[in-house]
2 protein chains.
Amino acid sequence: MHASTFAALGEPKRLEIVELLRRGPVSVGDIAGTLGIRQPQVSKHLKVLREAGVVEDEPVARRRIYHLVPSAFEELGDWVESFEALWERRLDSLGDLLTTMQATRSDAQTTPEEKEGSP
Amino acid sequence: MHASTFAALGEPKRLEIVELLRRGPVSVGDIAGTLGIRQPQVSKHLKVLREAGVVEDEPVARRRIYHLVPSAFEELGDWVESFEALWERRLDSLGDLLTTMQATRSDAQTTPEEKEGSP
DNA sequence: CACTCATATTCCTCTTAGGGAATATGTCTT
DNA sequence: AAGACATATTCCCTAAGAGGAATATGAGTG
């Protein structure tokens with residue numbers, strides 16, 4: 001996963017553009033009009049999104065219609081999924097830990113004990 | 001979905017930190033040592049990640065152990081999913097379009113390109 | 001309490017990114 | 001080909017962000 005993808009989405013206006021494109025392909029001028037951004041800024045933002053692989057454009061008549069690129073979101077989804085798989089494992093470990101603690105001791109008072117293990 | 005989450009992940013070193021934390025909770029010093037970044041920079045990056053809700057820290061002895069925050073990734077996952085649902089709808093529309101075109105059966109004209117596929 | 005280790009914060013500098021205005025490129029239309 | 005429209009690019013300026021070095025805060029240990 002490239003940081004540039006996140007960087008592209010990390011700018012508020014660009015995220016708005018992406019949310020707008022969610023509704024379907026839109027031209028540069030329409031993006032500018034809908035979001036109240038000036039056309040040159042829109043073109044700049046689209047350039048960043050395009051180079052990050054988030055959007056693509058297709059010329060139609062004399063305008064350029066921009067649309068989202070599914071594979072970018074698939075990659076993102078895979079990445080996030082690979083993290084979500086961790087919580088389950090962790091929760092299992094936590095369950096084990098709690099079970100162990102409960103079995104070992106069931107009392108705790110003022111002084112929190114220091115967990116040892118790192119030399 | 002807040003742009004700040006993406007912005008936090010959009011910096012290469014910070015993304016590295018997140019990838020490292022995937023393996024489990026780590027102290028600031030260990031992050032610095034593992035990634036070859038100086039401690040102050042690590043603290044700064046962690047501050048950004050923390051304020052974006054991506055990581056949390058817990059004091060253990062005299063260090064601070066940082067770990068990922070599941071809810072942040074869940075939110076991310078939901079967001080991405082809401083996009084992936086679109087492709088299917090779009091593909092349905094495309095299917096309809098193709099069906100219509102085939103039914104109409106009026107070829108010739110300015111149909112310049114065809115996606116390569118099964119011949 | 002003084003000391004030390006671990007982390008956070010500050011100050012400085014420099015590069016980069018974003019907005020505004022103007023202009024260049026490109027593409028239909030007539 | 002000239003003109004009109006749509007988009008991209010450039011220049012300028014300002015501000016945000018990231019690294020380096022030094023220092024402040026905080027927590028545990030003798």
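Residue Y66(B) has a polar side-chain atom (N or O) positioned under 4.0 Å from OP1 or OP2 of dA8(C). Under 4.0 angstrom from either OP1 or OP2 of dA17(C) there lies no side-chain N or O belonging to H45(A).
Going from atom NZ of K47(A) over to atom P of dT25(C) covers 14 Å, rounded to whole Å. Following rounding to the nearest Å, R63(B) (CZ) and dA8(C) (P) show an atom-to-atom distance of 13 Å. As rounded to whole Å, 14 Å separates atom P of dT7(C) from atom CD of E58(B).
Tracing side-chain contacts under 4.5 Å through hydrophobic residues (I, L, V, M, F, W, Y), one never reaches V42(A) starting from I65(A); they form parts of separate clusters. No continuous path of hydrophobic side-chain contacts links W87(A) to V69(B) [ILVMFWY only; heavy atoms under 4.5 Å]. L86(A) and L15(B) fall within the same hydrophobic cluster, where Ile, Leu, Val, Met, Phe, Trp and Tyr residues are linked whenever their side-chain heavy atoms come under 4.5 Å apart, directly or through other members.
Listed by residue number, Q39(A), P40(A) are the residues of residues 30-41 of chain A with a heavy-atom contact under 4.0 Å to DNA chain D. For DNA chain D, the neighbouring residues in residues 8-16 of chain B, judged by any heavy atom under 4.0 Å, are E11(B), K13(B), R14(B).
Nearest nucleotide to the side chain of R64(B), out of dT7(D), dA8(C), dG18(C): dA8(C). Side-chain proximity of R62(A) to the nucleotides dG19(D), dC28(C), dT9(D) is greatest for dC28(C). Distance from the side chain of S43(A) is smallest to dT9(D) among dG28(D), dG19(C), dT9(D). When distances are taken from the side chain of K44(A) to each of dT7(D), dT7(C), dC11(D), the shortest belongs to dC11(D).
The ring of F6(A) has its center closer than 6.0 angstrom to the ring center of W79(A).
Side-chain contact between V18(B) and L68(B): present, with at least one pair of heavy atoms (C-beta onward) separated by less than 4.5 Å.
For A7(B) against R14(B), the heavy-atom pair with the smallest separation is O-NH2, 3.4 Å.
Under the 4.0 Å criterion applied to side-chain N and carboxylate O atoms, K13(A) and E16(A) are not assigned as salt-bridge partners.
In this view, Y66(B) satisfies the ring pair (Phe, Tyr, Trp, His ring centres under 6.0 Å) rule with no residue, not counting sequence neighbours.
If you check the side chains of S43(B) and Q39(B), you find a donor sitting under 3.5 Å from an acceptor.
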